[in-house]
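Right, one structure below, let's go through it.
Numbering of ligands and ligand atoms starts at 1, following listing order. Residue indices begin at 1 and follow the sequence shown.
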Amino acid sequence: PVVADIHFDWRIALRCMDFPIAKIRINPGNIGAEWKVREVAVKAMDKGIPIRIGINGGSLPKDLAQKHDTVEAALKAAEREIEVLESMRFGDIVVSLKMNEPDEVIRANEAFAACYPYPMHLGVTEAGPLVAGIVRNTAALVPLLKKGIGATIRVSLSDSMEQEVIAGKEILGCTGKSARGVRIVSCPRCGRASFDTHAFTSRWMHRLYGIDVDISVAVMGCVVNGPGEARHADLGITGAGNSVLIFKHGEIIRKIDARDADTAFQEELEKLLKEKAK
Ligand code: SF4
């Protein structure tokens, strides 16, 4: 589904609704006068398109930002826009309250959810590069999702869209709301490792995250502890000197030359997926 995300010019919002979009987002901080919001709402109502009131800590309405702290200004901005839409009997509303600080995101969304029944879209705005961004998104989104707050999420990172989707799936996984897919278990750097788990995981990560079946895959560094530590994994691989062992549910099923690791893993993965499909 396509969500049209509109800033500044309400006429673009109107034009977008000539196309089959799933939702329209307007930013109260820059969409302008109330009559413009009303024009957007009239057309959205006519077309049956939901409106997301997308509040962003970096572009709060100036009058509110001058008088209140970020969280309070964001809540008041949402409240003001909701009043306009509700006065038109427009109820197909989604709200997002995105800030850069995880703590502010949590406070704003909790406060909003306590007062309004509207579905919420969660996110941390300008969250930063990969590692910092994932940490900030996780810190903000997991507590909210665990409280049942949030209907959709967007993990924003200064990185690729693929990484954003992977991070989003993992965050949902931490809250028990995961979409279907592969759960990867893999070893850190470790003195006992005899297999380059980092390189193998990097090579396979995108293929594995593209699988739409609930399985767990373990990439373990040593034969001493690997299969045991990852006994819950559906499929695993670990090094053993110049060889590589493939294991299933903690049981070793194949021993091959390390150079054939990827080929053997691929074969066993395909077999497993066929079994799961039955
Ligand atoms: S399975 Fe082996 S390599 Fe991996 S963390 Fe445990 S001891 Fe280290």
Side-chain angles (χ1 to χ4, degrees), residues 102 127-143 145-146 155 157 159-160 162-277:
L130 187 65
V131 175
I134 289 175
V135 171
R136 290 172 194 151
N137 274 284
T138 305
L141 269 48
V142 168
L145 290 165
K146 280 191 162 179
V155 174
L157 301 172
D159 211 292
S160 67
E162 287 83 357
Q163 298 286 34
E164 290 188 343
V165 172
I166 290 169
K169 283 180 91 165
E170 291 292 344
I171 286 172
L172 291 175
C174 291
T175 65
K177 298 176 193 296
S178 182
R180 287 163 68 83
V182 175
R183 183 168 187 271
I184 301 175
V185 178
S186 59
C187 286
R189 295 197 191 285
C190 173
R192 268 174 284 191
S194 62
F195 181 55
D196 190 349
T197 54
H198 295 203
F200 188 87
T201 306
S202 299
R203 282 201 302 280
W204 278 88
M205 192 171 69
H206 284 95
R207 162 75 178 110
L208 291 172
Y209 276 118
I211 294 170
D212 188 24
V213 178
D214 284 332
I215 55 168
S216 56
V217 169
V219 182
M220 308 303 281
C222 79
V223 70
V224 181
N225 294 333
E229 285 183 11
R231 62 190 173 282
H232 299 300
D234 292 295
L235 184 65
I237 185 163
T238 187
N242 292 328
S243 301
V244 161
L245 305 177
I246 307 250
F247 57 95
K248 232 175 174 175
H249 310 299
E251 298 294 325
I252 294 166
I253 55 165
R254 277 179 81 171
K255 181 176 183 181
I256 61 256
D257 190 283
R259 287 169 299 187
D260 299 326
D262 288 75
T263 310
F265 182 78
Q266 165 103 31
E267 287 166 5
E268 295 305 326
L269 179 64
E270 297 309 328
K271 265 191 228 167
L272 177 67
L273 294 177
K274 273 189 194 144
E275 286 164 21
K276 290 272 176 186

Nearest-contact summary for [atom] - protein heavy atom, Å:
atom: atom 5 (S) of ligand 1; value: C187 SG, 3.7 Å
atom: atom 1 (S) of ligand 1; value: E229 OE1, 3.4 Å
atom: atom 7 (S) of ligand 1; value: N225 ND2, 3.3 Å
atom: atom 8 (Fe) of ligand 1; value: C190 SG, 2.3 Å
atom: atom 2 (Fe) of ligand 1; value: C222 SG, 2.4 Å

Is it the case that the side chain of S216 and the backbone of D234 share a donor-acceptor pair, with hydrogens and angles ignored and the cut-off at 3.5 Å? yes
Over 12 foreign heavy atoms within 6.0 Å of CD, E270: yes
R254 CZ: over 12 foreign heavy atoms closer than 6.0 Å: yes
Check whether the side chains of Y209 and Q163 place a donor and an acceptor atom closer than 3.5 Å, and report yes or no. no
Please could you name the atoms of ligand 1 that G221 approaches to less than 4.0 Å, counting only its heavy atoms? 3 (S), 4 (Fe)
Numbered atoms of ligand 1 (with element) below 4.0 Å of R192, judged on heavy atoms: 7 (S)
Take the angle between the ring planes of F200 and F195 and call it parallel below 30°, perpendicular above 60°, tilted in between. tilted
Nearest heavy atoms of G168 and V155, plus distance in Å: CA-CG2, 3.6 Å
